[in-house]
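Just below is one structure, and these are the notes that go with it.
Residue numbers begin at 1 in each chain, while the letters A, B, ... track the order of the sequences.
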Number of protein chains: 2
Amino acid sequence: MSSQTVKTIPKRKTREEILELSAPLFARHGYDGVSMRDVAAAVGLTQAALYYHFSNKDQLYLDAVAYEFREKEAALKAMLAGNGTPWERLERFVAGLARMMATDKDFLRLVQWVLLDTDEARQSTLAKQVFRDMFVAVHDLACELDPHQDAHLLAMSIFGLVIFHFQTGATRKFMPGHRPHQDDPEVLARHVCELLRRGLAAADGEAR
Amino acid sequence: MSSQTVKTIPKRKTREEILELSAPLFARHGYDGVSMRDVAAAVGLTQAALYYHFSNKDQLYLDAVAYEFREKEAALKAMLAGNGTPWERLERFVAGLARMMATDKDFLRLVQWVLLDTDEARQSTLAKQVFRDMFVAVHDLACELDPHQDAHLLAMSIFGLVIFHFQTGATRKFMPGHRPHQDDPEVLARHVCELLRRGLAAADGEAR
DNA sequence: GTCTATATAAGGATAGAC
DNA sequence: GTCTATCCTTATATAGAC
């Protein structure tokens with residue numbers, strides 16, 4: 001029945017599929033490490049078809065990264081929403097961020113690529129788009145936690161404490177004192193929160 | 001007079017020059033972002049000449065990174081040597097690392113590229129070669145600072161607190177609360193040491 | 001040691017049929 | 001929307017002269 005072309009249903013499906021399948025490629029190999037041929041092969045199309053959906057490789061990359069980041073936006077915001085004391089919210093955020101970094105390696109790697117990007121325009125676009133909201137929220141939280149500190153530095157330190165552990169994930173296992181349970185995001189979150197709360201002062205009265 | 005060929009004098013000069021000039025290129029654009037043509041142009045040779053000194057691009061890259069890392073090794077070790085209380089040594093190290101990261105952007109970027117490398121062999125080689133000695137020293141220092149904590153996690157946190165600030169250097173200026181003096185390595189070092197010493201407990205008796 | 005010239009492959013991108 | 005076919009550029013690497 002119905003010889004009429006049923007073209008209203010699968011509309012725009014391909015474009016999203018391209019973004020979804022190319023994002024992991026860019027995450028693993030970076031912009032220069034992925035060719036249009038690679039993307040086409042992953043999606044199951046020819047190169048030429050990609051140019052129907054995106055004007056060029058740069059645009060495809062930019063959209064793929066933005067797509068991946070948009071996917072994470074809701075989750076990231078949820079971590080910082082809600083109520084409770086500043087410390088409770090900090091603990092919730094640190095635990096959530098750690099869990100996300102442990103779970104979605106591609107997202108972490110895309111962040112790293114963006115940080116290494118030398119294209120000013122591309123970097124500022126993506127930075128503002130992804131990092132800014134996130135940073136603002138943590139920045140405000142930092143203000144509440146300790147009004148006397150530099151909130152900018154403190155917010156960055158909070159991110160760094162969590163993210164750096166996962167950035168070094170692959171090389172950490174060659175370092176002394178490594179034990180598997182340190183890869184557990186909950187263990188890391190506890191470590192970070194404890195450090196933020198009291199520093200090293202918790203220990204016995206070691207020299208100053 | 002000696003008609004014998006006097007080949008002992010200018011030996012190996014070109015090879016080192018290639019390494020010295022290509023390392024900044026790889027630092028800025030990564031392995032895939034630099035072609036043999038680029039390197040040749042930077043050194044003032046033709047592509048073909050590069051293959052006299054290195055068997056292929058991979059080897060050139062590996063040697064260039066190792067060369068750059070070896071250059072930094074002495075400076076890094078000096079930071080951790082010497083005597084004093086653990087806290088004094090920590091402060092000296094944090095300040096030195098911050099200054100190095102602020103000064104030598106190329107070195108920082110090479111570290112980031114290595115962390116993103118998906119080639120297991122290449123990564124483990126470089127990681128052990130550069131990071132390990134460094135990490136061991138900080139790890140031992142962490143043990144002295146607080147024997148009750150996980151020294152592995154603590155050492156990584158110390159690195160992360162310093163390095164992450166510089167990794168985000170280019171994007172930090174788009175974030176709220178940014179002021180130029182935060183880029184000063186001394187300011188950062190003080191912030192990090194203060195955080196490590198007392199955490200946020202320094203503030204007034206905020207909740208918990 | 002470095003050059004010129006070239007082989008061979010891979011890359012981004014477009015034209016035009018269907 | 002997707003294909004085939006193709007163009008042009010850039011890339012790694014080698015051969016052989018000097």
Side-chain angles (χ1 to χ4, degrees), chain A residues 3-65 67 113 117-119 121-122, chain B residues 3-65 67 113 117-119 121-122:
Chain A
S3 65
Q4 40 177 334
T5 52
V6 195
K7 55 167 62 166
T8 29
I9 298 161
K11 211 49 174 169
R12 288 287 152 198
K13 195 182 137 281
T14 308
R15 188 191 155 89
E16 281 211 18
E17 207 168 5
I18 295 171
L19 294 176
E20 199 153 326
L21 292 170
S22 63
L25 289 180
F26 286 122
R28 271 190 264 280
H29 307 110
Y31 179 86
D32 289 319
V34 176
S35 69
M36 293 299 269
R37 283 172 166 82
D38 294 332
V39 175
V43 184
L45 290 174
T46 58
Q47 256 192 94
L50 298 177
Y51 287 89
Y52 173 81
H53 298 280
F54 305 93
S55 55
N56 53 40
K57 184 186 173 182
D58 228 81
Q59 194 59 54
L60 167 56
Y61 170 75
L62 215 56
D63 288 357
V65 176
Y67 177 84
W113 286 115
D117 202 336
T118 45
D119 182 317
R122 209 158 52 187
Chain B
S3 65
Q4 39 178 333
T5 52
V6 194
K7 54 170 63 167
T8 27
I9 299 160
K11 211 54 176 163
R12 289 289 152 197
K13 194 184 139 280
T14 307
R15 188 191 154 89
E16 282 211 17
E17 207 168 6
I18 294 170
L19 295 175
E20 199 153 325
L21 292 169
S22 63
L25 289 180
F26 286 123
R28 272 190 262 283
H29 307 111
Y31 179 86
D32 290 319
V34 175
S35 68
M36 294 300 266
R37 281 173 166 82
D38 295 331
V39 175
V43 184
L45 291 175
T46 57
Q47 262 192 89
L50 298 176
Y51 286 89
Y52 173 81
H53 298 280
F54 305 93
S55 56
N56 53 39
K57 182 185 173 183
D58 228 80
Q59 196 58 54
L60 167 55
Y61 170 76
L62 214 58
D63 288 356
V65 176
Y67 177 84
W113 287 114
D117 202 335
T118 45
D119 183 319
R122 211 158 49 187

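- Separating the CG atom of A/Asp32 from the P atom of C/dG11 is a distance of 12 Å, rounded to the nearest angstrom.
- In this entry the distance linking OH of A/Tyr51 with P of C/dT14 reads 7 Å, nearest Å.
- Using a 4.0 Å heavy-atom criterion, one finds that B/Val34 contacts the sugar-phosphate atoms exclusively.
- The two residues B/Ala64 and B/Phe26 make their nearest non-hydrogen contact at CB-CD1, 4.1 Å.
- In this structure, the CD atom of A/Gln47 is 14 Å from the C1' atom of D/dT9, given to the nearest Å.
- Distance B/Leu45 CG to C/dC3 P: 5 Å, rounded to the nearest Å.
- B/Tyr52 places its OH atom 16 Å from the C1' atom of D/dT14, with the value rounded to the nearest Å.
- Side-chain nitrogen and oxygen atoms of B/Thr46 include at least one within less than 4.0 Å of the OP1 or OP2 phosphate oxygen of C/dC3.
- Each of A/Met36 and B/Ile18 has a nearest nucleotide on DNA chain C; the 5'-most of these lies closest to B/Ile18.
- Across all their heavy atoms, B/Leu60 and B/Ser22 have their closest contact at CD1-OG, 4.0 Å.
- Put simply, OH on B/Tyr61 is 18 Å from P on D/dA11, counting in whole angstrom units.
- Residue A/Ser35 places at least one side-chain N or O under 4.0 Å from the OP1 or OP2 atom of C/dG11.
- Considering every non-hydrogen atom in both A/Val39 and A/Val34, the closest pair reads CG2-CG1, 3.7 Å.
- Between the side chain of B/Lys57 and the backbone N or O of B/Asp32, no donor-acceptor pair lies under 3.5 Å.
- In this structure, CZ of A/Arg37 is placed 10 Å from C1' of C/dA9, rounded to the nearest angstrom.
- Of the candidates C/dA5, D/dT12, D/dC3, C/dA5 carries the atom nearest the B/Ala48 side chain, counting heavy atoms from C-beta on.
- If you take NZ of B/Lys57 and P of C/dA9, they are 19 Å apart, rounded to a whole angstrom.
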